[in-house]
Amino acid sequence: MNSLFKQQVFEIIRLIPEGRVTTYGAIAKAVGYPKHARHVGNALRSYDEDFPAHRVCNSSGRITASCLAGFTEKLNREGVAVRGDKIQNFKVIFWNPMEEL
DNA sequence: GGGCTGACGCGCT
DNA sequence: AAGCGCGCCAGCC
């Protein structure tokens with residue numbers, strides 16, 4: 001994949017407000033690659049510190065990241081309730097990147 | 001070059 | 001409600 005893809009993905013994630021979350025698919029669509037949801041996650045396997053990767057989950061509001069515990073803790077600190085791997089009020093706090101472009 | 005993997009998503013059982 | 005199957009495609013071996 002070209003680095004532009006990653007770059008745009010990272011750019012969008014940085015725009016996610018505190019206390020809000022979005023999905024891999026939504027980001028993929030927003031950057032013009034609707035079928036590349038997997039690669040959004042793939043690009044996030046490694047990320048810089050201070051990068052809010054914990055604000056990204058799958059389309060059903062579940063955290064599928066490797067470090068679930070860490071993300072849950074970060075989300076809780078931002079006021080996002082998480083039970084198990086499921087984000088509570090997902091539909092309410094979902095942030096749509098499409099509306100920001 | 002080929003097979004396997006995967007932080008996904010959607011439709012069908 | 002909960003799985004299962006399949007499409008998708010960049011990396012990694």
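Keep in mind that what you see is a predicted model, and the values were worked out from it rather than measured. So that the names make sense, note that chain A is the first sequence line, chain B the second, and so on, each numbered from 1.
Within the structure, every pair that satisfies the side chain to side chain donor-acceptor pair (under 3.5 Å) test and touches residues 66-76 of chain A, not counting sequence neighbours, is listed here: A:Glu73-A:Arg77.
Paired runs in DNA chain C that reach 3 or more consecutive Watson-Crick or G-U pairs, where each pair keeps both distances under 3.5 Å, cover B:2-6 with C:9-13, B:8-13 with C:2-7.
Not a single side chain to side chain donor-acceptor pair (under 3.5 Å) links A:Ser59 to another residue, sequence neighbours left out. For A:Asp85, the side chain to side chain contact (heavy atoms under 4.5 Å, CB included) criterion is met by A:Arg62, A:Leu68, not counting sequence neighbours. Remark: A:Glu11 engages no residue in a side chain to side chain contact (heavy atoms under 4.5 Å, CB included) (not counting sequence neighbours). Residues passing the side chain to side chain contact (heavy atoms under 4.5 Å, CB included) test with A:Gln88, sequence neighbours excluded: A:Ala81, A:Arg83, A:Lys86. Checked against ring-ring contact (aromatic ring centres under 6.0 Å, His included), A:Tyr47 has no partners two or more places apart in sequence or in another chain. Evaluation of the side chain to side chain contact (heavy atoms under 4.5 Å, CB included) rule for A:Pro17 yields A:Arg20, A:Trp95 as partners, not counting sequence neighbours.
Between A:Phe5 and A:Tyr33, the angle of the ring planes goes over 60°, which puts this pair in the perpendicular group of the 30/60° scheme.
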- How does each nucleotide of nucleotides 6-13 of chain B score, in 5' to 3' order, for protein heavy atoms under 4.0 Å: base (B), sugar-phosphate only (S), or none (-)? BBBSS---
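Residue A:Lys86 contributes atom NZ, which lies 15 Å from atom C1' of C:dA2 at whole-angstrom precision.
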